[in-house]
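Structure record follows, encoded as structure tokens.
Every chain is numbered from 1 and lettered A, B, ... according to where its sequence line falls, protein lines coming before strand lines. Small disclaimer: the values here were computed from a predicted structure and weren't measured. Values below: all heavy atoms of this structure, side chains included; hydrogens, waters and symmetry mates excluded.
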There are 2 protein chains.
Amino acid sequence: MSQRRRPTQVDIARAAGVSQATVSLVVSGGPASGQVAEQTRRAVLDAAAELGYTVNAAARSLKGGRNRMLGLYTFEAVFPVDQRDFYFPFLLGVEEATAEFGYDLLLFSSVGTGKRRIYSGGINRLKVADGCVLLGRHIDHADLADLVREDFPFVFVGRRELPGTELSYVAPDYVGATRDMVRRLTGVGHRRLAYLRPADHQEPTRDREDGFRAGLADAGLPDQPIHEIPDDADLAATDARLAALLDEWLADDVTALLVEPSEDDQAIAALERVATEAGVRIPDDLSVALLGDPAPSGAGRATGRNWTRFTLPREDMGRAAVGLLLELLEADDGPRRLSVACTAVDGDSVGRPR
Amino acid sequence: MSQRRRPTQVDIARAAGVSQATVSLVVSGGPASGQVAEQTRRAVLDAAAELGYTVNAAARSLKGGRNRMLGLYTFEAVFPVDQRDFYFPFLLGVEEATAEFGYDLLLFSSVGTGKRRIYSGGINRLKVADGCVLLGRHIDHADLADLVREDFPFVFVGRRELPGTELSYVAPDYVGATRDMVRRLTGVGHRRLAYLRPADHQEPTRDREDGFRAGLADAGLPDQPIHEIPDDADLAATDARLAALLDEWLADDVTALLVEPSEDDQAIAALERVATEAGVRIPDDLSVALLGDPAPSGAGRATGRNWTRFTLPREDMGRAAVGLLLELLEADDGPRRLSVACTAVDGDSVGRPR
DNA sequence: TCGGTGCTTTAATACGTATTAGAGATTCTA
DNA sequence: TAGAATCTCTAATACGTATTAAAGCACCGA
């Protein structure tokens, strides 16, 4: 009646009067499946149906080395409230693509990992999955080095560089998106543009700068001013700096401004404040476009303004990362990179030049 | 340097000059772990760290050990757009609690499983996890029976009954929530209440009825009318039926109505239509409270009205399910049940009696 | 010195599957 | 009709782990 134990291939074999190997041949439907006589095949299938046989995933993985599981490792907690909105689309894309390909998704909790312990915690857990998608800003470089050294297949969401190695990642096409944004501004008549970026000079920032220059070149315009906002300055200092810049721009007939959002969006909030104070209306007196999404909990969102910007194709990036990872599993012949187009968002912060 | 194959306990054993069994004792940290000499333990740990050892989940499950992984199996896709809002909080709760207890979460993709195929898919994948949280409305009873028969630890989100067995689940406290809602209505002066429920007579429906009666008893009121709305009727029929009921209630001096949301919320939409047509204003002429959340994509939400209702503590339920599951893993001594309190939501569909 | 007593380690085994070399049986070829 | 070719099936094995009975060892009391 109700067995305590699930029926195995051995049970089926006994019932059908064949060997376990034959059962395996029939049910796994592998390449050698055709060599089984129709009559035998039928007997096995009948017995399997009769006993309610199902394959044991653990055993199959053990034998084959693959688990048909993809991991998602996040360097920060994905779910906490203030991050939820930002990370969810990535998660969504990863989950959908994973399911589509018939894999299961293993979410690794980095929460409370604190110290890296080899067995229970730490990066090694990842390896129960066939490969891993990595998500999050604040990478533990030691962990990352471990993964690379051990030749574990993984794909980053977002561009990552590790000196001396080639990582696989899916990155937004910041160059193209920025170029398009410039094109859009010049398209409505702007001829003097300024560009405001955080002080730290990572790749995403450099890419946007390249896009900025390319956009200007497209429009046959000369290079235009690029300004930095220190990330760690206090509010007052930021305001003062921006006020000075604003004067400079107005004096210089700048009619449009590109701003790269930083992690806290201080600059964006400050800009809104300073402009209001100086009687400069956006977009009437100055068009402003953001080169990316305002920070999820940052001031840029808090202002309530619907900024003209481009937005990360987060879901697509998640999906693409899974695709890349599966390629990597298929043939581990080197790192994979992929650029995904950003989506332009019409806001109300861009108009025609005065 | 970078091995192609993942190091196993045998590799560690060789490196540390001990046996595989010793390695297993050290790294699995089981009950007999203390019997290993400190010096040996250290040697093993060092070798493991050196080689980057990680346990093979498949092998461990096959053997019957624990993985510190909890599964989340959904009978429908959790993420598809139209369900996203509804299921997400459960997922959130499950994920948070899982992480809190230091487990990882394995999301099983039921997507595309369609027919239960004997070989690749099916319910048995679940067993790579230590236990499983089950989520979703449309259960495959055969799958469920399998799980029970095999004595696999799982906890349902939502009350489930399987004839002949005792399942573990976390369920909303419909009795208490309904009782509170009645109390609230009688508290503001209502003395004649009516109760509208779908035709199918599942436990959740029965619970609410019990709560209704209890609430009436609390207020010292006699039993009040209970009406059914057939679930499969067409729109016109539903409208006609409701119109008739509305007349009846008004003639009977009913001032407040309790409605149990059904899967498609036809009744709620119909109620709004019929009331408008008859010139009956909600809540001025008739107070209406929902005994639960309107269906995620149903008409009840579409009306745009902010119904006074109670809402499922979805996140709490997810968390509680994980807690129960961990208890179950600790001591498999029988099914566990838990009731979670619902949250009252102030809407604008309830007022004082006319 | 001998048997006993903790203490530490190991050999052996089972879990359920996929694969491979080859064994039997049957049919084809010359 | 012998030998080759073909068709079916099976025995044996490996995958990596947890568990258990027992082995080895040092130390102790008698």
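When atom types are taken as modelled, the side chain of A:S168 and the backbone of A:R336 share a donor-acceptor pair closer than 3.5 angstrom. Listed for the A:T8 side chain is a donor-acceptor partner under 3.5 Å among the backbone atoms of A:V10.
For the salt bridge (Lys or Arg N to Asp or Glu O under 4.0 Å) test, no residue two or more places apart in sequence or in another chain qualifies with A:R68. Partners of B:E203 according to the salt bridge (Lys or Arg N to Asp or Glu O under 4.0 Å) rule, which considers only residues two or more places apart in sequence or in another chain, are B:R206. For A:F90, the ring-ring contact (aromatic ring centres under 6.0 Å, His included) partners two or more places apart in sequence, or in a different chain, are A:F86.
In this structure, B:F154 has its ring center at least 6.0 angstrom away from the ring center of B:Y73.
Within the structure, salt bridge (charged side-chain N to carboxylate O under 4.0 Å, His left out) pairs that include any residue of residues 12-26 of chain B comprise B:D11-B:R14 (at least two apart or interchain).
For the pair B:M69 CE and D:dT17 P, the computed distance is 15 Å after rounding to whole Å.
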A correct 5'-to-3' footprint of nucleotides 9-16 of chain D, with B, S and - meaning base, sugar-phosphate only and no protein heavy atom under 4.0 Å, is BBB--BBB
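The C1' atoms of five pairs define one axis at each end of the helix from C:dT1-D:dA30 to C:dA30-D:dT1, and these two axes lie 60° apart (to 10°).
For the atom pair CG of B:L326 and OG1 of B:T98, the computed distance is 7.5 Å after rounding to the nearest 0.5 Å.
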